[in-house]
Structure formats: structure tokens, C-alpha cells
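The block underneath contains the structure these notes are about, expressed in C-alpha cells.
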Protein chains: 2
Amino acid sequence: MNAPMSIQSCGNCGLVSMCLPLALTQPEMTQLDGIIKKSAPYRRGESIFRQGDAFTSIYAVRAGMVKTTVVNTLGEEQITGFYFPGELLGLNGLHENVYSGTAIALETVSLCEIPFLKLDELSALLPELRRQLMRQMSQEISDEQNMMLVLAKTSAEEKLGNFLIRLSLRFKRLGFSATQFRLTMSRVDIGNYLGLAVETVSRTLTKLQQRGVIKVAGKEITILDMDGLSGLNRKADEPAKLVVVG
Amino acid sequence: MNAPMSIQSCGNCGLVSMCLPLALTQPEMTQLDGIIKKSAPYRRGESIFRQGDAFTSIYAVRAGMVKTTVVNTLGEEQITGFYFPGELLGLNGLHENVYSGTAIALETVSLCEIPFLKLDELSALLPELRRQLMRQMSQEISDEQNMMLVLAKTSAEEKLGNFLIRLSLRFKRLGFSATQFRLTMSRVDIGNYLGLAVETVSRTLTKLQQRGVIKVAGKEITILDMDGLSGLNRKADEPAKLVVVG
DNA sequence: GTAAAACATTGATCCAGATCAATGGTTGGA
DNA sequence: TCCAACCATTGATCTGGATCAATGTTTTAC
């Protein structure tokens, strides 16, 4: 007998150590499983939720990558994040019961949908669930604040270096190669997120390649010199490590 | 008999409608009061907490204004926010039990210190407290995301216009004039926050004054034309309203 | 009250990245 | 398989804001 529910539960998910069920006991995890809905896969380009829609659920990414955006009243769009498996979407929708941004699949994506009202009730009963939810929100606040520094203070090369290092760390955390990975997002998206023109993204990737710190083959990136990548534009006597977001 | 505790409680605080006790009943508010510590005033320039310190409490601003900053490993500092009365500090410290930024008083400041372990326990018992805490965190995530758009996409004039409008809204919310207020932060701080050089801040304020949309007298700002201020750099046929953070 | 320090403003010059243009490569649908 | 649309790269030129310099004003400490 094929039991789809037992195949796809928090208890046997490879992402437990970075997702909501972290630190839950097995019976507690079963309770959380009881409120989670597994979604059908989203295809590349599909919206998971849209800015302005009523807020109902948060979503944990199970597979694939997602970008989030905000649009101002002039229609100007800013990418606010790229989300990996184990990361939560929709945390910015609670205050007005409206999603304050849009989430879009960058490739085929599977999600766990967690209706927020039920999550809220369960969080009263399970202290570790409540705390982990708050930690995830706190992490996101901190990530966005560090991103403010990147946007306000760093050169194009530093921005790209920082971006690639962050991707590298998250691929590594998921068990993939830290030094060779495929970008799911376009150069236009990278530029949008980092506040750079697409031409500057392209140019700067080429420049980093000419310096020998990375190798670029279309969407494939190979990091050849991790220290070199984090030390971009550093003066010779300065420490070589950039703060890394996420 | 002077009873300091009864003078300073959530029940009779003018900031209830924008702070944690929002939506609590009177007995619930008494419970919250029981875990809050009132701090002695902080003087201008004093740190409330520092990046890297162990996370113990969040703080609600009772009077005065506070700025928060993050510093990267190169010592580069980015101001991440200006906080008004009724707003919460320290929400970015939960994930690592370390404050991920520093909070500094911009003038004489009074705070309510809320030890987080106690708040967490109480939030299990008081659903509305738990929800309001989450709403505050969600609001902050959203604010930072909108700030990313400002930093990445807008001109110096638009940045200043947006900044002044946001200040205006928060002064108004506190019962002060929406059109005439005194800046507590220096031009250098404004520039740091918006990713601009201090000279550009000064120049742009002068330019806005020459256009007649504001009047600048040192730290005093008078908004003469609110629509003009939000319509900076707009093409003639475009709507005139910028998205406003916070 | 005074002097030093800090802050704000203005002018001149410079430059990192944006914009515009053109070309080559990749992807998706028929 | 072919073609249109989209994406990525490269070159040339432009520009908004940074940097440097100088001066005026305000605040702070003694």
C-alpha cells in the first residue's frame, strides 16, 4: 500500500534541521504535520501568492527556488529575496492580513502550505514551534538589514561577490556543492535584486572571471577562489571577509 | 502618595494603540505590565544594546527616538532604522540569541524593557499578545523590504521625499504636526540611511526648498506641499504617490 | 562667555555605473 | 527542425551623485 502521507511528512523530510519542525519531538511533529497541506508543484513563472492577496498561509519551500518581489504604486518592482528549500515565504503578510509582496517560482517548486490560523493555535501549545517561527522571522529581519548595507555601501563587484557567496553557503547547507552551482535566476533578476543594471551584472561576472576567482559558463558558476571572491576591492591590509547574509 | 508604577503602565500609556498591548483586555494588560521593566532614561548617544551582545530583551520606545545600525566585518556601518515611540527594538536578535545590530539614543529616550523569555511564556497564554508580536515582526520585515526598493531604485530626491513623508506620517500618528517637525538625526545619519553622501543630502534639501515643497531651517522641517513632495521626478501623467514605509 | 569641535552648506571636479546600441547565444513553441 | 522571443555580452557615451575643498553655523565643554 502506497502511503503518500507517510512519504511526505516532517518526520522524514531532509529539511527538518533548517525548517519549522526543528527541535520538535516526534509527537509534536505529527501535530504540525496535521495542519500542513502539500501543494501540487508550481511551474516556473507561476505565482505562489500575489501582493495584495488576502493572507492565509505561510509556505515552506520543499524543493526548487522562489523569488519574492514588492511593487510600489508606480509599478516599480524590486526583488526582495531568493528562497531556497527549508526557507519560509509569506512572513511579511501578518500585519495587514494581506501579502505585502509576490512570490514566484524560478523553476519547478514544491511547497508545504501552513495555514496561519492553525499554526498560531499550535504555536501556543508547542513552545519550540513558536520559538522557531520567531527565530525565522528574526532571521529574515536581520537578512534584510544586512542587505540594506550591501545596497547602500558596496560596489558592483562586492555586491556580486557577496551574492555568490551567499548562494554558495545555502547550496552547501543543502548538501550540494559550495563551489559549483547553477543559477536559477536571470542576470536581469540578479541586477534588480542588487540594484545594478543587467549590463553591469554581465560585465562584472566577466571581470571576476578574468581575475580567476570564478568561472562562468552561462548559468553555471564555479567558484575558483572563495577568499578572493570575498576580498574584492579590499585594501591589502584589510581583513578579507565580508559579512554574509543568510 | 506618588505611585510611579501606576503612573507608568500599559493601561494608561498613550501608545497602547500602536504597541504590544494593542487588543489586550485590562487583566491581560496587567499581566504584561508584570514582566515589563521601566528603564532609566538614556541620554543622547548612549547605546541601548550593542551588536554582538547577548540577546535578553526587546524594548518598546516610550519617549524619544532611537537609531539602529549594523556593522560588517570591515567596520562599515549602515543605519537600518529610526524608531519612534510605540515601536519595538531588538526583534532581530532572536535567531542567534545575539543582538544583530546596535541601538543608539538620538535624544533623551525612555524605554520599556521586555525580557524575552517571559514575553515568550506570556505569549502562549495570551493569543492576542502573541499575534501582535508577530504582526510587529511582520511589519518590520515589510518595512525593510520596501526600504530595499528605495535604496535600489530611487533618485536622491525621491529618497529624501520618501524619508520626509515617512517621518511626517509617524509624527502625525503620535499626535504631532504632520507638516512641521524637528529632525533628531544629523544630515550624516540621513545620508548613511539612504545611501547618499552628506553633501547630497544638504544639496537636495536645498533643492526641495527652492522648489517650494519644503522649508528648511536647520533641524526644523516644514512640509509646504505634501503632494509635491511625493511626486518628485514623476512624469506628468503618472500617479503622484510613492509607497510609504512604516 | 569663549573656544574648539561638530555639523551644515556650497562649489568644483571626478567617476562608477546607467543608458543606448549592437551582436551573438539559448530556449520554447509550433 | 525552424523561428521568434528572450537572454547574455560587449562597446561607446552619458550622468547622478561621490569626492574633495572651502566656508559658515551650531553645539558642546570648560
Side-chain angles (χ1 to χ4, degrees), chain A residues 43-46 67 76 78-79 104-108 150-164 182-211 214-221 232-235, chain B residues 43-46 67 76 78-79 104-108 150-164 182-211 214-221 232-235:
Chain A
R43 277 171 303 176
R44 177 179 161 77
E46 277 192 287
K67 74 177 175 180
E76 286 172 315
Q78 172 69 29
I79 295 178
I104 298 163
L106 287 173
E107 59 192 340
T108 304
V150 170
L151 285 168
K153 297 273 185 305
T154 64
S155 67
E157 284 181 31
E158 289 168 305
K159 283 173 177 170
L160 257 302
N162 178 284
F163 178 71
L164 292 176
R182 185 175 165 278
L183 302 175
T184 50
M185 72 297 287
S186 65
R187 305 292 201 265
V188 168
D189 276 355
I190 296 171
N192 179 304
Y193 179 60
L194 299 177
L196 301 173
V198 60
E199 293 90 346
T200 305
V201 173
S202 204
R203 257 185 261 280
T204 308
L205 287 175
T206 301
K207 199 192 292 189
L208 295 183
Q209 176 160 247
Q210 282 160 2
R211 287 195 188 188
I214 62 170
K215 179 170 166 246
V216 182
K219 300 276 196 175
E220 281 282 329
I221 300 284
L232 297 171
N233 280 332
R234 294 306 103 196
K235 295 176 216 153
Chain B
R43 277 171 304 177
R44 177 180 160 78
E46 278 192 287
K67 74 177 177 183
E76 287 172 315
Q78 172 70 29
I79 294 176
I104 298 162
L106 287 173
E107 59 192 338
T108 304
V150 170
L151 285 170
K153 298 272 185 304
T154 65
S155 66
E157 284 182 31
E158 288 168 305
K159 284 173 178 171
L160 257 301
N162 177 284
F163 178 72
L164 292 175
R182 187 175 163 278
L183 303 174
T184 50
M185 71 298 286
S186 65
R187 306 294 203 262
V188 167
D189 277 354
I190 296 172
N192 179 301
Y193 179 62
L194 298 176
L196 301 173
V198 60
E199 293 91 345
T200 304
V201 172
S202 204
R203 255 184 262 280
T204 306
L205 287 176
T206 302
K207 198 192 290 189
L208 295 183
Q209 175 161 247
Q210 282 161 358
R211 287 194 190 191
I214 62 172
K215 180 170 165 244
V216 182
K219 299 275 193 176
E220 281 284 328
I221 300 284
L232 298 170
N233 281 332
R234 294 305 105 198
K235 293 175 218 155

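Note that these values count all heavy atoms, side chains included, but never hydrogens, waters or copies made by symmetry. The sequence lines fix the lettering, A, B, ..., with proteins before strands; numbering per chain opens at 1.
Counting heavy atoms from C-beta outward, B/I190 and B/L160 have side chains that approach closer than 4.5 Å.
Bracketed by its first and final contacts, the part of DNA chain C lying under 4.0 Å from non-hydrogen atoms of chain B reaches from C/dA8 to C/dA12 in 5' to 3' order.
Scored by the side chain to side chain contact (heavy atoms under 4.5 Å, CB included) test, B/R182 finds B/T184, B/K219, B/E220 as partners (sequence neighbours excluded). Taking the side chain to side chain contact (heavy atoms under 4.5 Å, CB included) definition, one finds that A/T200 meets it with A/A156, A/L196, A/A197, A/T204, sequence neighbours left out. For A/V188, the side chain to side chain contact (heavy atoms under 4.5 Å, CB included) criterion is met by A/S186, A/V198, not counting sequence neighbours. A/K215 is linked by a side chain to side chain donor-acceptor pair (under 3.5 Å) to nothing, counting only residues two or more places apart in sequence or in another chain. For B/K153, there are no salt bridge (charged side-chain N to carboxylate O under 4.0 Å, His left out) partners two or more places apart in sequence or in a different chain.
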How does each nucleotide of nucleotides 13-18 of chain D score, in 5' to 3' order, for protein heavy atoms under 4.0 Å: base (B), sugar-phosphate only (S), or none (-)? ----SS
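Among the protein residues, A/K219 comes within range of the sugar-phosphate backbone only, with heavy atoms under 4.0 Å from sugar or phosphate atoms but none that close to a base. When heavy atoms are screened at a 4.0 angstrom cut-off, B/S202 is found touching base atoms of the nucleic acid.
The main-chain N or O of B/N192 is found under 3.5 Å from a side-chain atom of B/Q78 such that the two form a donor-acceptor pair. Checked by atom type and distance alone, the side chain of A/R43 never pairs as donor or acceptor with a backbone atom of A/T108 at under 3.5 Å.
Applying the salt bridge (Lys or Arg N to Asp or Glu O under 4.0 Å) test to residues at least two apart or on different chains, the pairs with a partner in residues 183-209 of chain A are A/K67-A/D189, A/E157-A/K207.
Direction change of the helix axis from one end of the helix from C/dG1-D/dC30 to C/dA30-D/dT1 to the other is 60°, with five pairs defining each end axis (rounded to 10°).
If you take CD of B/E199 and C1' of D/dA22, they are 12 Å apart, rounded to a whole angstrom. In this entry the distance linking CZ of B/R187 with P of D/dT25 reads 15 Å, nearest Å.
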